[in-house]
J.: 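Starting off with a structure, shown below.
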Protein chains: 2
Amino acid sequence: MSPEPLTAERILEATEEVLRRHGPGKATVVDVARALGVSHGSVYRHFGTKAALREAVTKRWLDRTADELRHIAGRREQSADGVLRAWLAALFAAKRQKAGGDPELFATYEVLLDGSSGVVAAHLADLVGQLTVIVEAGVARGEFTAVPGGAAATAEALFHATSRFHDPAHAPEWSRPGIGDAFEATVELLVRGLTATAGREPGRSRGH
Amino acid sequence: MSPEPLTAERILEATEEVLRRHGPGKATVVDVARALGVSHGSVYRHFGTKAALREAVTKRWLDRTADELRHIAGRREQSADGVLRAWLAALFAAKRQKAGGDPELFATYEVLLDGSSGVVAAHLADLVGQLTVIVEAGVARGEFTAVPGGAAATAEALFHATSRFHDPAHAPEWSRPGIGDAFEATVELLVRGLTATAGREPGRSRGH
DNA sequence: CAGATGACATTTATCAATTTCTGTCAGCCG
DNA sequence: CGGCTGACAGAAATTGATAAATGTCATCTG
């Protein structure tokens, strides 16, 4: 009655399916076990806790996006400006697609996200790391000027400055009409800031 | 037994006090009435609904910050760069102070905020309006270059790009050690983008 | 004996009964 | 007569008893 061996991978697939069917609130590990035709005790052999199972399935979901972006960040044949724009656009597009394509599943993962802070932190660190690579490449070419604090601080600033276009908390805005223009405007402003002439005095005039 | 006439203002003060005492979940309009020594029917004479009362008290709270900032936005004796930096720093400082000074009360208003979407929208529009004034002044002086879309679109981009430092959703991060540097880095990047040489080609190189 | 099972204790969710709160309004009071 | 009251109906929150889920582990099975 067990055609294939019970592997972590199969459990994760079944979990995704159960989550898609029942939603985050009503998906139990008994449901997952039933979908696989095994007892729930067997699931606990692979994932010691329900939270661990949810985190694993969340990680998988996040990694899919991160891997998609990684190869853009690695491009060297293009101007840093172009790579940065492409990467940010791809990030926005990926998130928008996930939110717009299957809203219920997206809502499910939104719930899962704030139960797996460690996984999310790692994901965000990964993305900021990719941005850091892009910024460093741009600085090396003399195209970009990093802010005081270096490429890592610059990447973090870029990431947070664009959070309206990738943070799930802002997902409701992504279907608004002017959002594409707002994205363009923000990216334009940030790219201008990065490509500002290096020799110029950064302007540290204090506020009051 | 009624020393002063029952005015909307007195009700709002009592409501703030009750909210501070009981928190948003357990603050009832009967509590507010009792604090004022009147029946709850009298409160309903001034605020037709509990939601209206909560919105009014929320508006008061938000307006305090907005008014503080308004006079900074109006400064003309200073460089636009300086005004912008001062305004953003004041916004961040005000929010940080509210969140750090009385965390429980801040949490209370956080709950209130997502029950009064209209009031919040108006508040955000007000702040973006102030930023627009600053950007317009900078453009008029030849200090700033707006992004395609004009001063309003630029102001909106600035506002969203700095949301990590004023959106209550990010309040937990405001007590982290490096947050001041992160703020400086972000503002630096944005100001550079605004003050970028007007003659330069904005760089519309497409991603892929 | 590696891997799965299902009975079990403990925690967490569900549901209906009961209480409390919101919002209205006819009447009271100064 | 303008402003306040308090009894009331319907809506929402609380409670406590019941059911279901999580996580453990001695036992079984191939």
Side-chain angles (χ1 to χ4, degrees), chain A residues 1-59 107-108 110-112 114-119, chain B residues 1-59 107-108 110-112 114-119:
Chain A
M1 206 37 74
S2 66
E4 296 161 42
L6 185 59
T7 153
E9 186 59 25
R10 281 189 65 217
I11 293 175
L12 289 178
E13 266 160 37
T15 305
E16 275 195 354
E17 180 55 25
V18 169
L19 281 168
R20 184 173 282 114
R21 268 221 164 69
H22 297 70
K26 316 208 69 180
T28 76
V29 350
V30 174
D31 288 332
V32 173
R34 184 166 33 236
L36 289 161
V38 299
S39 80
H40 74 279
S42 300
V43 174
Y44 276 99
R45 172 166 301 280
H46 294 264
F47 297 94
T49 186
K50 188 188 185 178
L53 177 57
R54 285 164 75 126
E55 289 197 0
V57 86
T58 303
K59 182 172 183 333
T108 291
E110 240 178 311
V111 172
L112 258 52
D114 57 39
S116 13
S117 56
V119 169
Chain B
M1 206 34 76
S2 68
E4 295 161 41
L6 185 58
T7 154
E9 186 60 22
R10 281 190 64 218
I11 293 176
L12 289 178
E13 267 161 35
T15 305
E16 276 197 352
E17 180 56 26
V18 169
L19 281 169
R20 183 173 281 112
R21 271 223 162 67
H22 296 72
K26 315 209 69 181
T28 76
V29 348
V30 174
D31 288 333
V32 173
R34 184 166 33 236
L36 289 160
V38 299
S39 81
H40 74 280
S42 302
V43 174
Y44 276 99
R45 172 164 303 279
H46 294 265
F47 297 93
T49 188
K50 188 188 184 179
L53 177 57
R54 284 163 77 125
E55 289 197 0
V57 87
T58 304
K59 183 173 183 330
T108 291
E110 242 179 310
V111 172
L112 259 50
D114 57 37
S116 14
S117 57
V119 169

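Predicted model, so just to flag it, every value in this text is computed and none were measured. The chains referred to below are lettered A, B, ... by the order of the sequence lines, with proteins before strands, and numbering in each begins at 1.
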J.: In whole angstrom, what separates Arg54(A)'s CZ from dT22(D)'s C1'?
T.: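 About 12 Å, once rounded to whole Å.
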J.: To the nearest 0.5 Å, what is the distance between OG1 on Thr108(A) and NE2 on His22(A)?
T.: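 Nearest 0.5 Å value for the OG1-NE2 distance: 12.0 Å.
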J.: Using only atom types and a distance under 3.5 Å, with no angle test, would you say the side chain of Ser42(B) pairs donor to acceptor with the backbone of Val38(B)?
T.: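 Not a single qualifying donor-acceptor pair exists.
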J.: Quick one, which residues of residues 13-29 of chain B touch DNA chain C with a heavy atom under 4.0 Å?
T.: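 Nucleic-acid contacts, sorted: Thr28(B), Val29(B).
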J.: Is there a side-chain contact between Val18(A) and Thr28(A) (heavy atoms, below 4.5 Å)?
T.: no
J.: Taking CZ from Arg34(B) and C1' from dG6(D), how many angstroms apart are they, rounded to a whole number?
T.: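 About 15 Å, once rounded to whole Å.
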J.: Ala56(B) and Leu12(B): which non-hydrogen atoms are nearest, and at how many Å?
T.: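 Minimum heavy-atom contact is CB-CD2, 3.7 Å.
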J.: Tell me whether the OP1 or OP2 atom of dC4(D) has a side-chain N or O from Ser42(B) closer than 4.0 Å.
T.: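 Checking dC4(D) against Ser42(B), no side-chain N or O comes under 4.0 Å of OP1 or OP2.
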J.: Taking Arg54(B)'s backbone N and O only, do any of them form a donor-acceptor pair with Thr58(B)'s side chain (distance below 3.5 Å, no angle check)?
T.: yes
J.: Charged N to carboxylate O under 4.0 angstrom, Arg10(A) versus Glu13(A)?
T.: no
J.: Starting at atom NE2 of His40(B), determine the distance to atom C1' of dG3(D), rounded to an integer number of angstrom.
T.: 16 Å
J.: If you measure from the Lys or Arg side-chain nitrogens to the Asp or Glu carboxylate oxygens, is any gap between Glu55(A) and Lys59(A) under 4.0 Å?
T.: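 Lys59(A) and Glu55(A): not salt-bridged.
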J.: Please examine the side chains of Leu112(B) and Leu19(B), heavy atoms only from C-beta on, and report whether any two atoms are closer than 4.5 Å.
T.: yes
J.: If you assign Gly41(A) and Gly41(B) each to the DNA chain C nucleotide with the nearest heavy atom, which residue ends up on the more 5' nucleotide?
T.: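 Closest to the 5' end, via its nearest nucleotide, is Gly41(A).
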J.: May I ask you to list the residues of residues 44-51 of chain A, by number, that have any heavy atom positioned under 4.0 Å from an atom of DNA chain D?
T.: Tyr44(A), Thr49(A), Lys50(A)
J.: Would you kindly compare Ser39(B) and Asp31(A) by the position of their nearest DNA chain D nucleotide and give the one closer to the 5′ end?
T.: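 Looking at the nearest nucleotide for each, Ser39(B) comes out on the 5' side.
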